[in-house]
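Only one structure is covered here, and it is reproduced in the block below.
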Amino acid sequence: MSRPIKATINTTALSHNLRRIRALAPTSKVWSVVKANAYGHGLARCYQALAATDGYALLNYEEAIQLREAGVTQPILLLEGFFKPTDLSLIEAYQLTTAIHSDWQLQALASYKAQKPISVYLKINNGMNRLGFSPDKVLTVWQQLNTLPAVGEITLMSHFARADEGPDFIREPSQRLDQATSELQAPRCYANSAASLWHPETHHQWIRPGVVLYGASPTGCAADIESFDLRPVMSLTSEIIAVQQVAAGEGVGYGHRYVTPSAQRIGIVACGYADGYPRHAPSGTPVLIAGKLCKIVGTVSMDMLMVDITECPEASIGSAVELWGSQLPVDTIAHAAGTVGYELLTAVTQRVPFTIISDIS
């Protein structure tokens, strides 16, 4: 029999989240960001639940082709663009939209003989300092793109580095974008998850929600998105597989980084860092056992973690464990472990079996 750990994907919750986000930007179209295998949820498991989207945004050609061959007809955006000039033939063949962020990509488009023009997203570096042309070059690049026979519709694209920190961190980059593009009549796509939720002035023609589609918060704090009625899409669950009665003063787990202050009842859960649970999660990280909040003790092992169930007498071998999910937000676990929900969702490993449900309460 397989280990009891599993990840459950609630596709109804995913569809619900898309509707909630669309309602926040009713005049904008929506790119549903499904990069990183739909944020670890599984592209093949999720894309149909997002069928009401206006387009899908991702990174890999393999995933784009997977969507096309599955019958997806909506636009598909390559967020990092293409990586070699020879990639342009694939972009044209599968009718993909590509980001443009570098001079060499402009040169590649200038040399490419397209049968049908390719839609492009002109990426503007607006303080993120990852990809994109500086604001002072945008007009020149725009003019160059408009001379190229291989280029079809052009959309302006940017990203906000601190949209999750409040309006003060949106004002200046928004002004910079407005100044750089004031002479251009073009669709705009600036809003990431945080801007989609909190900054309607950035919505323009397209928004790009990512982690919020999956019910997690761009700030890393679950309470920050409670008012939006977003539902967790992934639940990571397991069971207690053993119980230890540990006397006071004894070490628990590798390195004895936790020593019992008094006699404790310790439940052993079939989940470890080889399943994607963070090894650096400290003692005190919450776990839900038999519906009751308990805490991890000791170092997370490859295949197991230990939980103090002293105050949960109903917990025993076979008791249900929620590591994160519908009752225990992934952001809560991530915060305790000093990371972000994005990392936990995308870190669940291949050895964890996935189950799909269509249910929402």
CD of Gln245 to CD of Glu250, rounded to nearest 0.5 Å, is 11.0 Å
ring-ring contact (aromatic ring centres under 6.0 Å, His included) partners of His199, counting only residues at least two apart: none
Return yes if some donor-acceptor pair links the side-chain N/O of Arg176 with the main-chain N/O of Asn126 below 3.5 Å, else return no. yes
Hey, does the side chain of Gln175 reach the backbone of Ile170 with a donor-acceptor pair shorter than 3.5 angstrom? no
When Tyr121 is tested against each of Trp31, Tyr190, Phe82, Phe133 for ring-ring contact (aromatic ring centres under 6.0 Å, His included), which residue passes? Trp31
Report the residue from Arg208, Lys29, Arg22 that forms a salt bridge (Lys or Arg N to Asp or Glu O under 4.0 Å) with Asp54. Arg22
Pairing of Lys137 and Asp103 as salt bridge, 4.0 angstrom limit: yes
Between Arg162 and Asp168, does any NZ, NE, NH1 or NH2 come within less than 4.0 Å of an OD or OE carboxylate oxygen? no
Ile124 backbone acceptor or donor facing Ser158 side chain under 3.5 Å: yes
Using ring-ring contact (aromatic ring centres under 6.0 Å, His included) as the criterion, list what pairs up with Tyr56, not counting sequence neighbours. none
Less than 3.5 Å apart, any donor N or O on the side chain of Thr310 or Arg265 sitting next to an acceptor on the other? no
Below 4.5 Å, heavy atoms only, C-beta onward: do Asp303 and Tyr273 meet side chain to side chain? no
Say whether, by atom type as modelled, one donor and one acceptor occur between the side chain of His203 and the main chain of Ala191 under 3.5 angstrom. no
Quiz: residues 140-149 side-chain donor-acceptor pairs under 3.5 angstrom, not counting sequence neighbours:
| unit_1 | atom_1 | unit_2 | atom_2 | d |
| --- | --- | --- | --- | --- |
| Asn146 | ND2 | Trp142 | O | 2.9 |
| Thr147 | OG1 | Gln144 | O | 2.6 |

Checking Gln264 side chain against Ile309 main chain: does a donor-acceptor pair fall under 3.5 Å? no
Is Glu322 reaching over with its side chain to a backbone N or O of Gln327, donor-acceptor style, under 3.5 angstrom? yes
